[in-house]
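Single-structure report; data block below.
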Amino acid sequence: MLRMTGWEEKLDPNLRRMAERVVPGMRIALPVDYAGVSMAMTRPLIERGAGDLDLVCVPTGGLQVDMLIGAGLVRSVETSGLSLGEAGGAPRFNQAVKDGAIVIRDATCPAIHAGLMAAQKGNPFTPIRGLIGSDVLANRPDWKVIDNPFAAGSPADGPDPIVLIPAIHVDVAIFHAPMADRAGNVWIGRRRELAAMAYAARTTLVTVERIVEESLLADEITAAGVLPALYVSEVAVAERGAWPYGLWGEYGADTAELQRYAKAARSAEGFADYMRAGALEAAQ
Amino acid sequence: MLRMTGWEEKLDPNLRRMAERVVPGMRIALPVDYAGVSMAMTRPLIERGAGDLDLVCVPTGGLQVDMLIGAGLVRSVETSGLSLGEAGGAPRFNQAVKDGAIVIRDATCPAIHAGLMAAQKGNPFTPIRGLIGSDVLANRPDWKVIDNPFAAGSPADGPDPIVLIPAIHVDVAIFHAPMADRAGNVWIGRRRELAAMAYAARTTLVTVERIVEESLLADEITAAGVLPALYVSEVAVAERGAWPYGLWGEYGADTAELQRYAKAARSAEGFADYMRAGALEAAQ
Amino acid sequence: MIASVTPREILIATIARLLDGVHHVAVGASSPIPAAGAMLLRALKARAGAEPVRISILGSVEHNFFTNGSTELFDCAGQGRIDAFFLGGGQIDGQANINLVGAGDYPRSSVRWPGSFGSAYLYFVVPRVILFREEHTPRVFVEKVDFISAPGVSRPGIHRTGGPYALLTGKGLFAFDRARPGFRLESVHPGHSLGEIVEATGFAFAHDAAPPTTALPDPAILALLRGPVLDDLQETYPDFAAQMRREIAAAADAA
Amino acid sequence: MIASVTPREILIATIARLLDGVHHVAVGASSPIPAAGAMLLRALKARAGAEPVRISILGSVEHNFFTNGSTELFDCAGQGRIDAFFLGGGQIDGQANINLVGAGDYPRSSVRWPGSFGSAYLYFVVPRVILFREEHTPRVFVEKVDFISAPGVSRPGIHRTGGPYALLTGKGLFAFDRARPGFRLESVHPGHSLGEIVEATGFAFAHDAAPPTTALPDPAILALLRGPVLDDLQETYPDFAAQMRREIAAAADAA
């Protein structure tokens, strides 16, 4: 496991406290690059050091997942894709796959959404079309195929097989959003996969750009984009908390930084150096 | 079928044109009382006179459904409830049930949502817990029970039966919303069942209080509550178009008017008188 | 003055007691008595500095904490995030089956009620369902309902995390024993009797030879109910709150 | 000057042709050539006064017409509301199977690519899937993919409303025959040859003895592409648009 000492005490105490909610062996849901990744929580999670994590990418992953893998905290990743986008492949992930150091559960985006939907509805599964004949399905013994009981055709048409995705329940969902109010209502706008993650999670940890004083549920216009406090366990402010990713409607991605990481993290040593240097920078 | 002459030409030509999209035998989705009922479309639909309609209430119905039944346009109603709320039972519906004049498909709210969700996802069905042992299920031969293939228990626990609700596809969805923009994007706020109806519908007809000039997708705050134009077939302005129902964030329900209807519509004649009088009023 | 406690106040205080320990209770928009009970519990917990009680009032714009349309209540319950809910019924039988659809032969019911709403689902997944029906007559409390909107009990193997917890009427309070299964009369409201309840109930139920009288709210609870809780209630149920204030005044005059 | 048409312009114009007739096309945020083809089609239809073409650019904030999170693209496709989509692949084989996961033995792939994304679903439900991969080498176009992210064809009885329609590479254009099944070389891009394509393709495909050359855009289309379409493109793909302008200038100089 990556050891990074001398900077932990510089981390935001609120984020450190939130990271304590994560214990070894938990299943953690993390959002797609552009939906609001709480990059601010990455170092507190690494400092916390709770390992054997099973990550669920909703529905794909990037920098944060690569860093947690690089830090040795990850046991498995369920994802439909993992890369640094324009900055190329995810180096610590790719290495870990090659080394067999992590279990990879390849999925397809709508199957991850289907699993979360099942959890949201309290259902054991959600059906999904497609997938039949793919090696994605062939490598997922946890998914099942049944004959559609509503098949319309005549018996001569034969059965109509359909895949069932089991519910994805997670221990913790972690994401970043533009704002929250004092009651803990979080404004997620049209990034409704963040709500799906929270519905499916026992604990939801949110970092935000800012706290607003008026209730986000007080007027119908902002209420339409709110994840209610009912689903939110804790909120902490982390300005530019998605950096180097962007946050929709707030700021763009820092592609140069992603590329810098992509280059540095090609080796384990380069990754460790990057994390150390970045930590010092962050502490300044 | 109810004949009401002498006032049709007073109806808004845009609404009349929209009503022409409804042809006999269609399956129509209508929203719950408080979600945005396009009461403004009720008379144009009655004037249009397309009968043998199969109504799907999302997930319950009230005045509009009662009026369409009273006008003789309805073949069946799928609903989890039908009443005038505080104003009591739905008189034309109750009479039609007693007379066996319509087919009633009693459902439960989350089953209607499950059916729409299946249509939204392109799935043949969605599972749902509950229902087993109810006469709701016993009277729905179109619903099926399977043994949950993911049942966790030992074989000694026996099977884990679960209900599957088939997809509810509808020909037309009709509702009322606060505003739309010139591109046809409709602001539905947190009444997301309106989006579910539109996703499941081939044609979606919307009346709104007002048209706004700026794009509702242009800023993320309003975008969060938008049903995109992609799902909207036609929009027309109808001020106070939910009356005597209310429209969330805009105006409250006119309970006195609902009570007036409830009283009048106890008999077929009273209903016809009410509709005629109301039509004249509306035309003034 | 204990004598000035109104029947509705007894119902409200009883509901608050039945809800003790819940964190999130959902209430229908047209259910002011259950809502008042939940609000009273919330006020009691707030006064005691205990964990807050969350109340979702369905169909209300002002007290709507949901943002995902009318499906969210059911999803939320399916996730195990709703601890208590209230159901009524045109008919309720001794197995806690409820009928919200109609009397007589289905589907051409001689009396048609609005319909099952979410009961056929929520009764299975909300741990503490309180059956509440003020009218206590043999017409309502029948031997066997004509239509089961939602069954009171399920055979082993049926996935069920919720079900009936108690039945509160205008005459008394029953607990539901899921194992037996059946109702047991817990207490009789002031002014009513065991004999009257037996007479008014179409199904058999367990009871002590001399069941206790339903506990009246103590003066501190009554003060909370008549003060801040009634003010809370006024915002969502103004007509009901006004009616209660009139009843309280009338009871005080009579006492 | 026909000679000044750049290879990318040929690809873009070909894509516009392949998309003819669609009403709604979805494009990945990092797919500027498919996006440009869709924008060219949109401009052509607008010019002709035909039914408008809708383009959804995924992952873009400015051109995001979805409001229900990242699930909406898949729901929309499942509803039959997306007529065309583009897929690539680290490997593509003669049965139109695509591999977006990795080369070598799964799961410890010797080369790992990002993953299957939505392909295992969209390939089944989008009627006109265009396989697009500029690199045309035996490394990409293999006899059999090492991992099937999404299969090109399905046996009868499998619910499938979509699938491969064409394969466009830097060297040529293939149509896919779902019945046979297999690819057929439709045309060879200017500057390339049948022999070169046979050499660069690891799977067998049908072809004429002397396949035609891929059609060049006519001057009016080229003007549209270099004018308003490039301006549209600039908003979403500024780097790509700038690069294209440089290429066009260089081609003009050379001609």
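Chain letters run A, B, ... following the sequence lines, proteins first and then strands; every chain starts at 1.
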So which part of [X] gets closer than 4.5 Å to some heavy atom of chain B, the side chain, the backbone, both or neither?
X	result
A:I188	neither
A:L216	neither
A:D142	backbone
A:K121	side chain
A:R191	neither

Residue B:R202 excluded, over 12 heavy atoms near CZ under 6.0 Å: no
Residues A:F125, B:N148; criterion side chain to side chain contact (heavy atoms under 4.5 Å, CB included); working and verdict: CA-CA 9 Å; A:F125 59 84; B:N148 170 20; 3.6 Å; yes
Nearest-0.5 Å distance, CD of residue A:E220 to CG of residue B:L247: 9.5 Å
Distance-minimising heavy-atom pair for B:R190 and A:L217: NH2-O, 3.9 Å
Could you have a look at [options] and say which one has the most heavy-atom pairs with chain A under 4.5 angstrom?
options	result
B:A167, B:G225, B:P149	B:P149
B:L164, B:V226, B:D219, B:I162	B:L164
B:G189, B:P124, B:A114	B:P124

Top contributor to chain B interface from A:T222, A:I128, A:T126 [non-hydrogen pairs under 4.5 Å]: A:I128
